[in-house]
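Bear in mind that the values here come from a model prediction, so they are computed numbers and not experimental data. Residues take their numbers from the sequence shown, with the count starting at 1.
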Amino acid sequence: MSRSLPVIPDAELSAHPTSSSPADDASGFGSLRTERGGLPLESMDVSARIDGLLARVVVRQAFVNGCGEPLEAAYIFPLPDRAAVTGFRMTVGGREIEGTLEERAQARRDYDVAITEGRRAAIAEEDRPGVFNLRVGNILPGERATVELTLCGVLPYSDGEATFRFPLVVGPRYIPGTPLPGPSVGDGTAVDTNAVPDASRISPPVLLPGFPNPIRLGLRVELHDGAAATGEVRSSLHAVQEEVRDGYRVIRIHPAERLDRDFILRFRLGGHGIRSTLSVHPDPDGGGEGTFALTVIPPDDAGAHSPRPRDIVFVLDRSGSMGGWKMVSARRAVARMVDTLTDADRFGVLAFDSTIESPDDRGPALSPATDRTRFRAVEFLARVDARGGTEMAEPLDRAVKLLGASKKQDAGRDQILVLITDGQVGNEDQILRRLGKRLSKLRVFTIGIDQAVNEGFLRRLAERGGGSCELVESEDRLDEAMDAIHRRIGTPILTGLSLDPEGLAIEPGEVVPRRLPDLFPGSPLLVLGRYRGPASGEIAVHGLDAAGTVREERVPAEVRENPAIASAWARGQVRQLEDRYASHDGDLATLEKAIVAISLRFGVLCRFTAYVAVDRSQVANPGGRIHRVTQPVELPAGYAEFIGAFMAPPDAEWAFSLSLPAAPFGGEAPENSCDSMLAEAPDDEVFSLGEFEDTGELPEKEEAPRTLADVLANGAPIDPSEAATLVAEIAEAVQRLRDQGPLRGNLDPERIVIDAATLRLVRIEPFFESPTAALTGRGKGAPRRSTDSAQAEVHALGVILYRLLTGREPYPEVARARPSRGRLIRPRQLVETIPNELEGICLKAFERDPAASYANAGELAAAICGFLQPRKGSFWK
């Protein structure tokens, strides 16, 4: 019924070059056109209307079939994690088909049967909070199909300001674990693993950076003019224009904006802002049940007491995806929080990628926050840079254990965990399952730093820990966010909150959030729940202030006909039950039945249900043969330089670029080198490696950087002195790659750029199972992911050195191998062409045992240069 697309050959791409002319707009991701037509997703329109803190959003996605045969389009896309998807509609062939919400297995059967019968159909499924899969099938040649999703949700509100965030791209996520046997379950690029069994459903293929004419994006927000304070509306990542119409302020993004980062709109509420309220919405069926929404505003006079002593562990993500401004912002954020600690506090700092590092090795103990320890922590943070994979489960587990051990010593202290990350991991459920109920004994705060952050996971983690999530989308936002974070991790205004209803019969097991968090300054608490009986009465909210005094606020019920309250509760309750399901907190079969029951009753999409729409009026494609295309997405803004450090797509050649500083390892950076400049640079400055302004701190380059392709252009060996220079830089990069962990892909030597400041590596392919197989061509290929060795880099190093020494290709011309179904076939002649001594150098370079490997880049370079020395039978003339 479906088939995978082959890799588009270079000849076909060159015959249909990209273009940025308006005439190419109809091609969707525009400009890339082949004999099979353009990519299917033509446009996306987002329309939102905000009243108070409730937002209703309609998302329309238009797919166009530019192929010569019936098409099935698959698309992996994000939606706000707090929003409830309450409607689904497909418009195709002049007809509108309303979608129905069904159990997921039944919806898939209905869709598959419809596609086989040749009927037009669409299905929408949720795979994560905020990550969805859409398939639209049997679109005829030249036909347009539009899919419409309706959402509603409550906006987050803090410090007098509400935030409307709409994600536009699913960022690449680190996928740990061992590949599972058999075919993957989804259409994405990642392979399903034992840690992320649905990795292929959350990993859309990625377009190469720089494609012109992307999807046409239209985004419009209508904000009730009476709700927002005049002049207090701001957008942080997109250019917008504003007008007032029919009592609403209408904000639109400018044309040509790309789907490569979240849209964020912040506005301050007009008048007196919000107040403590209890809104009650009876069910429309008159069954004597309903939904309530309780908003509690923190009191102004309950926080003037000395803070309690705290135990805090800061967990800092230093993985490859955190490169650039994100790493600078993360370091500054942790350093500022460490600097605010008092002598009564204790703390720890864990920086992680594939390994975990800390300022000092104190074992299972936290450090007292003295001037000395805080200085050492900040000094450590100044050396932290981005590298490696996002192995998040182990550092979070270690942080929880550290806090647990300190609590046994002194129970009278606040236990706080602060996670700073972009959240780009695929094993969210595994992490929550590992942490389990231990989070209920802590306060967890998450800080998401990214322009396309994994907000759903960070909020899930914070809510399980009774804390809050703060998002930082730019360096300009950092100081503002840090002020809010500082207040959050201080002493809360009220703790131990409880609800005491009078006259309103609340269902105890149906309150969202399940664990009432502490109340912090400027951060109201929203509680949703179900009740039975009369829609009247009041709720008394009790809590303890910092002095241990019981505080109480009574909020009377007000009946309001607002269906969005029920949808918001259903979404929150389903998410709580899904988290319990993921954590194995209870009987899984019982939890699944409860989730499905709420989803179907309230019409809210969840992970066990799906919306399906089938056009039963006609058979559009007799025989059901289709051409299937998975829609690529844009690389999130800022990822192009760091993507290769933590993920690689299978089955096809992809070009990502990874910038690696080429400063010596294990020693001091030379004067005027990139690393020395960065070490001396202020924290708020970010340099683009290899692209320095003429400040007088670096000498002007006399010539452009040389590539290996340039060096070998004449097909003859290069001068030994020049070879030694290039080999030294390659050795430094090799050691950095080894320290970071495998890049999970092959490095094409023709695309390596070398100069004094930068080693730029481009192009990633699938790879072999072992270093020996990679070098010799033996073996049958390998799973597309590996966690133990750097086989790809070994093979690449062998190829690079062989070409460097001989000026010749190590394989016959016919062996410019291309990946085929996850395997990369290399000729056996390679074992005869690359000398055994060179093969041994390559293998030793990536040996994981420190005792068996080179101690540093200098030793590796010395070994290579020793091999280069003229001798009998050598390569040198």
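Taking every heavy atom of both residues into account, Phe164 and Ala48 meet most closely at CZ-CB, 3.7 Å. In terms of heavy-atom proximity, Ser583 sits nearest to Leu432 at OG-O, 3.6 Å. Scanning all heavy atoms of the two residues, the minimum distance from Gly290 to Asp283 falls at CA-OD1, 3.5 Å. Looking at every heavy atom in both residues, Val612 comes nearest to Ala107 through CG2-O, 3.9 Å. Minimum heavy-atom separation, Pro556 to Leu278: O-CB, 3.4 Å. Minimum heavy-atom separation, Leu458 to Leu471: CD1-CD2, 4.5 Å.
Between Pro129 and Arg571, some side-chain heavy-atom pair lies under the 4.5 Å cut-off. With contacts defined as side-chain heavy-atom distances shorter than 4.5 Å, the pair Pro492/Leu519 does not qualify. For the pair Phe88/Leu134, a side-chain contact is recorded, criterion being any heavy-atom separation below 4.5 Å from C-beta on. The shortest side-chain heavy-atom distance between Leu461 and Leu396 falls under the 4.5 Å cut-off. Residues Val233 and Val240 form no side-chain contact, since every pair of their non-hydrogen atoms from C-beta on lies 4.5 Å or further apart. No side-chain heavy atom of Leu435 sits under 4.5 Å from any side-chain heavy atom of Val444. Two residues are said to be in side-chain contact when any heavy atoms from C-beta on lie closer than 4.5 Å; Val154 and Leu54 meet this criterion. Inter-residue side-chain proximity for Ile202 and Val196 is flagged as met; some heavy-atom pair is nearer than 4.5 Å.
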Passes side-chain contact (heavy atoms from CB on, under 4.5 Å), Arg249 versus Val244? Steps please.
CA-CA 4 Å; Arg249 300 174 71 175; Val244 177; 4.3 Å; yes
Test side-chain contact (heavy atoms from CB on, under 4.5 Å) on Ile97 and Val614 and set out the steps.
CA-CA 7 Å; Ile97 301 97; Val614 177; 5.7 Å; no
side-chain hydrogen bond (donor to acceptor under 3.5 Å, both in side chains) evaluation trace for Thr86 with Ser567
CA-CA 8 Å; Thr86 58; Ser567 298; 5.5 Å; no
From CA spacing to verdict: side-chain contact (heavy atoms from CB on, under 4.5 Å), Met392, Leu419:
CA-CA 10 Å; Met392 188 180 292; Leu419 172 65; 4.1 Å; yes
Before giving the answer on salt bridge (Lys or Arg N to Asp or Glu O under 4.0 Å), spell out for Glu148 and Arg60 the whole-Å C-alpha distance, their side-chain angles and the decisive distance to 0.1 Å.
CA-CA 4 Å; Glu148 180 180 295; Arg60 296 180 182 88; 3.0 Å; yes
Before you tell me yes or no, could you show the steps for Val221 and Phe263 under side-chain contact (heavy atoms from CB on, under 4.5 Å), namely the whole-Å CA-CA distance, both residues' side-chain angles and the distance that decides it to 0.1 Å?
CA-CA 11 Å; Val221 179; Phe263 174 79; 4.0 Å; yes
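Between Arg514 atom CZ and Asp579 atom CG the span is 10.0 Å, to the nearest 0.5 Å. Interatomic distance, Leu223 CG to Leu265 CG, rounded to the nearest 0.5 Å: 7.0 Å. With rounding to the nearest 0.5 Å, the separation of OH in Tyr531 from CD1 in Ile506 is 11.0 Å. Summarising the geometry, atom OG belonging to Ser474 is positioned 6.0 Å from atom CG belonging to Leu237; distances are rounded to the nearest 0.5 Å. In this structure, CZ in Arg438 is found 11.5 Å from CZ in Arg464, a value given to the nearest 0.5 Å. Rounding to the nearest 0.5 angstrom, the gap separating the CD1 atom in Ile215 from the OH atom in Tyr75 is 4.5 Å.
Not one N or O on the side chain of Arg220 forms a donor-acceptor pair closer than 3.5 Å with the backbone of Arg252. A donor-acceptor pair under 3.5 Å is formed between the side chain of Arg104 and the backbone N or O of Arg607. Side-chain atoms of Ser599 do not come within 3.5 Å of backbone N or O of Ile595 as any donor-acceptor pair. Of the possible donor and acceptor atoms, one in the side chain of Asp587 sits under 3.5 Å from a partner among the backbone N and O of Thr590. When atom types are taken as modelled, the side chain of Glu222 and the backbone of Tyr248 share no donor-acceptor pair closer than 3.5 angstrom. No donor-acceptor pair under 3.5 Å is formed between the side chain of Asp262 and the backbone N or O of Ile264. The main-chain N or O of Gly423 is found under 3.5 Å from a side-chain atom of Asn454 such that the two form a donor-acceptor pair. With hydrogens and angles ignored, the 3.5 Å screen pairs no side-chain donor or acceptor of Gln573 with any backbone N or O of Ile598.
One finds a salt bridge joining Glu634 and Arg258 here, because a Lys/Arg side-chain nitrogen approaches an Asp/Glu carboxylate oxygen to under 4.0 Å. For the pair Asp159 and Arg266, the salt-bridge criterion is not met [side-chain N within less than 4.0 Å of a carboxylate O]. Ion pairing between Arg551 and Glu553 fails under the 4.0 Å rule for side-chain N and carboxylate O. Look at Glu470 and Arg477 and you find a salt bridge, because one of the NZ, NE, NH1 or NH2 atoms lies within 4.0 Å of a carboxylate O, short of that distance. At a threshold of 4.0 Å, the pair Glu161-Arg234 counts as salt-bridged, since one of the basic side-chain nitrogens sits closer than that to a carboxylate oxygen. Using a cut-off of 4.0 Å between Lys/Arg side-chain N and Asp/Glu carboxylate O, Arg460 and Asp81 are scored as not salt-bridged. A salt bridge is defined here as a Lys NZ or Arg NE, NH1 or NH2 lying under 4.0 Å from an Asp or Glu carboxylate O, and Glu125 with Arg135 meets this definition. Under 4.0 Å is where a charged nitrogen must lie from a carboxylate oxygen, and between Glu289 and Arg532 at least one such pair does. Of the charged side-chain nitrogens involved, at least one lies within less than 4.0 Å of a carboxylate oxygen, so that Arg554 and Glu538 count as a salt-bridged pair.
Between the side chains of Arg530 and Thr291, at least one donor-acceptor pair of N or O atoms lies under 3.5 Å. Side chains of Gln106 and Arg109: a donor-acceptor N/O pair is present below 3.5 angstrom, by distance only.
Applying the side chain to side chain donor-acceptor pair (under 3.5 Å) test to every pair with at least one member in residues 515-524, sequence neighbours left out, gives these pairs: Arg443-Asp518. Among residue pairs with one or both ends in residues 490-517, none qualify as ring-ring contact (aromatic ring centres under 6.0 Å, His included); sequence neighbours excluded.
Under the rule for a ring pair (Phe, Tyr, Trp, His ring centres under 6.0 Å), His281 has no partner lying at least two apart in sequence or in another chain.
In this pair, Phe602 and Trp569 present their aromatic rings perpendicular. The plane angle is above 60°, beyond the 30 to 60° band.
The cationic group of Arg128 does not satisfy the cation-pi geometry with Phe457, failing either the under 6.0 Å distance to the six-membered ring centre or the 45° limit from the ring axis.
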